[in-house]
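The basis for the numbers below is simple: all heavy atoms, side chains too, and nothing from hydrogens, waters or symmetry mates. Labels below follow one simple rule: chain letters A, B, ... track the order of the sequence lines, proteins then strands, and each chain is numbered from 1.
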Amino acid sequence: MGECKFCTSETAWCPGCGDLNILDALKEALNRLGREPHEVLVVGGIGQAAKTPQYINTNGFCGLHGRAVPPAIAAKIANKDLTVIIDSGDGDTYGEGGNHFIHNIRRNVDITHFVHDNQIYGLTKGQASPTTDVGHVTEVQPDGSINTPMNPLLLALSLGAGFVARAFSGDKEHLVSIMLEAIQFRGYALVDILQPCVSFNKVNTFQWYSKRVYKLDESYPASNRLAAMEKAMEWGERIPLGILYKEEKPTYHDRIPYLKEGPSLIDREVDRKKIVGFMEDFK
Amino acid sequence: MDYNRLIGGAAGQGMDTLAAILERVLKRKGFEIFTIRDYMSRVRGGHNFIQVRFGQKALNSHRDNLDGIIALNEETVRIHRERLSEEGFVICDKEIQFEDKRVLSLPLKETAKSIGNVKAMGSTALGVLFKLFGMDDSLVEDVLNLTFEREDIAKQNFMAITKGFELVESKYESIPLKDQGKILINGNQAIALGALAAGCKFYSAYPMTPSTSIMNYLATKMDEAEIVVEQAEDEIAAINMAIGASYAGVRAMTGTSGGGFALKVEAVGLSGMQEIPLVIAEIQRPGPTTGLPTRTEQADLRFVVSCAPGEFPKMVIALRNPEDAFYQTVRAFNLADKYQMPVILLGDQYLADYTTTTAPFDFGKVEINRYLSNEAYTGDKEYRRYEITENGISPRIIPGKVPGKVVLVDSDEHDESGHITESAEVRVKMNDKRMRKLEQLKTELLEPEFIGGEEFDTLLLAWGSLYGPVKEAVDQLNSSSTKRFAALVFGDIWPLPQKLLTEKAKNAKKIINIEQNATGQLAALIMEETGIKCSRNILKYDGRPISAQEIYTKLKGGM
């Protein structure tokens with residue numbers, strides 16, 4: 001990686017945790033993009049993945065459980081010059097934060113969302129998450145999870161997300177390549193990153209994923225939404241990795257003329273004369 | 001001398017527009033105004049009314065007895081006739097008949113129909129009202145042009161008003177006055193204007209009555225002021241967005257009512273823990289839960305003061321009237337920035353919706369202080385977001401604005417650099433650092449407003465929007481009673497300013513708290529903080545605003 005300007009303290013993650021590779025890949029992607037630490041904001045909610053901002057030398061926001069998305073998009077609205085990246089888990093993003101996940105796809109703010117999806121709750125020690133497969137036995141689901149797992153990629157596609165991808169923490173080079181595209185994409189980019197949880201998910205292990213994942217090849221049409229939806233439904237014996245869908249559309253900033261043009265909100269002076277003029281409304 | 005007019009009817013009959021025309025015309029003719037709105041939580045039907053009080057002297061509150069009614073339906077006459085004075089009048093359509101000489105059943109509908117718009121019937125009634133008062137139709141046309149976007153509708157309504165002039169003879173002499181250049185504004189509009197004046201650039205909220213009109217006003221100014229008003233998917237998103245925007249460096253605000261505030265509570269703690277400035281408007285309505293959505297109460301005080309788990313510095317400012325709401329909103333932004341903490345503006349439906357004439361806000365008094373340290377860190381100096389300082393306030397820089405420096409904030413307990421820690425020692429140091437900010441804040445609290453003279457027997461205690469009714473009641477009591485009354489009305493309410501309270505309580509023979517809740521929350525807070533005990537209380541919690549008359553009667557009778 002050469003100079004490691006994004007490196008910081010040691011992590012508190014388990015050896016072999018998928019988060020470690022995702023963190024490394026993120027640092028590498030930012031390095032390759034030539035970003036400086038102060039130009040980047042990494043946002044997390046609560047959970048093991050959500051601790052990512054702690055372990056990377058950038059601006060960092062570790063907020064509330066499920067609430068990574070609202071502060072991230074607002075920071076981007078306030079300062080469009082920041083590169084805003086969310087790193088959070090499947091529980092944080094799809095469970096506690098489900099409502100924000102849904103509605104921010106509609107907003108299409110230009111941020112990147114890396115979901116560390118290990119299909120289990122890690123921080124609280126092994127309960128089912130929204131993406132846990134049916135039948136998966138945990139302490140809280142002793143007879144196996146009975147709820148249909150959520151399909152985040154299909155949901156994102158149905159809501160009109162412009163960039164929908166899946167990666168695997170075990171294939172770092174591929175992960176970096178997807179991160180590079182996701183960060184550079186204009187608009188909301190979702191990357192669901194499959195990762196093993198070595199301590200609490202004894203079903204979806206490194207080997208389990210490795211056996212099933214395969215990469216979409218160049219013949220795959222990433223601009224076809226219906227094809228992407230079909231791919232998103234592929235799960236079980238074979239799990240596709242890659243950019244399922246990519247299509248630029250007007251971002252939140254594009255739709256508001258004064259956000260699109262000119263300086264960021266934080267760099268604008270208050271036009272006091274104008275505001276004094278508003279008192280005429282009440283005369 | 002002042003007058004009190006009621007306009008009543010069903011939701012959807014255009015009372016709001018009629019009242020707005022009446023208020024504006026009266027204001028431009030030089031009157032002082034105080035208007036309250038009583039509406040049901042429904043879009044059509046039901047019974048809604050608006051009371052427009054006006055006179056030559058400044059008005060601090062509404063009053064209950066009426067001396068004129070415009071009734072758009074029969075129900076209005078039935079419900080409100082008993083509050084009408086002997087010399088009063090009811091203007092209604094001739095289809096509405098009562099054996100009551102005060103009821104003027106006039107061909108309003110017919111007249112409106114003759115100009116081609118039966119909906120303009122209310123305007124004909126307004127014409128009648130103006131004529132009874134000996135007023136001419138000057139200024140009316142201007143106001144109509146402002147009120148209606150469509151020119152033809154404005155014209156029609158002007159015709160309807162002038163036709164109304166022909167239906168009656170003048171009853172009173174007109175009072176020649178001149179427009180005093182005041183503004184006619186409600187509490188929520190004043191909060192919104194205060195936010196704009198303070199340089200707020202990001203407002204996120206989820207609609208909830210009676211707070212929504214803050215967002216509504218800001219949204220109408222969004223393009224012109226080049227700010228962002230974002231309707232969030234829920235209250236939790238709204239407050240977390242505001243925190244994110246504030247972290248990134250713009251002044252940000254969110255607003256809601258009690259139920260929505262309950263959802264925001266965890267994030268109020270986030271603002272406290274991450275030390276990110278935040279202004280929150282909590283416009284109370286009667287609870288618990290959905291309660292009475294369109295009505296008023298002051299029952300969220302103790303909830304707001306002690307909201308969110310854990311201990312962290314926060315400030316609560318109760319707003320007393322629209323003028324206060326404007327200046328306190330500006331101040332809230334400065335204090336939030338200075339102490340890097342949440343500042344909660346506590347309003348209620350009464351204040352949110354009543355409109356009154358007030359002096360134009362003095363922008364000369366508006367100062368914007370951001371308390372940022374970007375410049376100090378442009379060199380090699382190490383930046384620590386949560387540096388332990390003597391007053392507890394750590395240097396704040398804007399992420400992305402100082403090359404080589406990053407800003408890490410955390411909801412977990414953290415060290416000076418913002419990294420998670422479980423060190424017992426650091427925990428105590430950080431907790432102390434945060435709480436230390438309150439010590440300095442306490443030195444700049446605003447004491448409650450004192451109403452009355454040096455000599456008094458009974459001290460009344462109230463807070464927020466009860467300022468108006470209490471002030472008017474004290475004035476009345478002192479002019480007609482040998483008992484001498486005084487009052488303290490709290491604006492800054494948490495931390496509780498104690499100096500003036502302690503001083504005045506010492507001289508009082510009796511202390512009575514007046515509040516719009518069932519448990520006397522201010523009295524309890526004062527007892528807890530100071531040991532000062534109220535000997536009696538006046539509490540109202542039926543969802544309707546307490547009037548000066550009610551306070552007067554209760555105090556006069558009970559003395």
request  = Assess the pair B:Tyr217 and B:Tyr203: is the distance between their ring centroids shorter than 6.0 Å?
outcome  = no
key: Residue part contacting chain A, namely of B:Ala267, when any heavy atom lies under 4.5 Å   = both
ask   = In terms of heavy-atom pairs under 4.5 Å with chain B, which of A:Lys51, A:Arg268, A:Lys76 leads?
value = A:Arg268
query = Just checking, any donor-acceptor pair under 3.5 angstrom between side chains of B:Arg384 and B:Ser417?
reply = no
task = Could you label the plane-to-plane angle of the A:His65 and A:Tyr121 rings as parallel, tilted or perpendicular, counting under 30° as parallel and over 60° as perpendicular?
result = perpendicular
task = Identify which part of B:Arg24 has an atom lying under 4.5 Å from any heavy atom of chain A, answering side chain, backbone, both or neither.
result = side chain
Side chain / backbone / both / neither for B:Ile227 at chain A, heavy atoms under 4.5 Å = backbone
key: Best-contacting candidate, A:Val270, A:Ile266, A:Asp271, against chain B by heavy atom pairs under 4.5 angstrom   = A:Ile266
note = Bottom line for A:Arg106: the part with an atom under 4.5 Å from chain B's heavy atoms is neither
task = Please flag which part of B:Val402 lies under 4.5 Å from any non-hydrogen atom of chain A: side chain, backbone, both or neither.
result = backbone
task = Pick one of side chain, backbone, both or neither for B:Asp223, based on which atoms fall under 4.5 Å of a heavy atom in chain A.
result = both
note = When the 4.5 angstrom heavy-atom criterion is applied to B:Met273 and chain A, the contacting part is neither
ask   = Relative to B:Tyr327, does B:Lys365 satisfy both conditions: NZ or CZ under 6.0 angstrom from the six-membered ring centre, and within 45 degrees of the ring's axis?
value = yes
note = Residues passing the side chain to side chain contact (heavy atoms under 4.5 Å, CB included) test with B:Leu408, sequence neighbours excluded, are A:Pro53, A:Gln54, B:His419
ask   = In chain order, what residues pass the side chain to side chain contact (heavy atoms under 4.5 Å, CB included) check against B:Asn186, with sequence neighbours excluded?
value = B:Asn188, B:Gln189, B:Thr355
key: Which of A:Val69, A:Asn79, A:Asn99 touches chain B most, by non-hydrogen pairs under 4.5 Å   = A:Asn99
ask   = Considering only heavy atoms, which portion of B:Glu226 lies under 4.5 Å from any heavy atom of chain A: side chain, backbone, both, or neither?
value = both
note = Heavy atoms of A:Phe101 and A:Thr93 approach each other most closely as CB-O, 3.7 Å
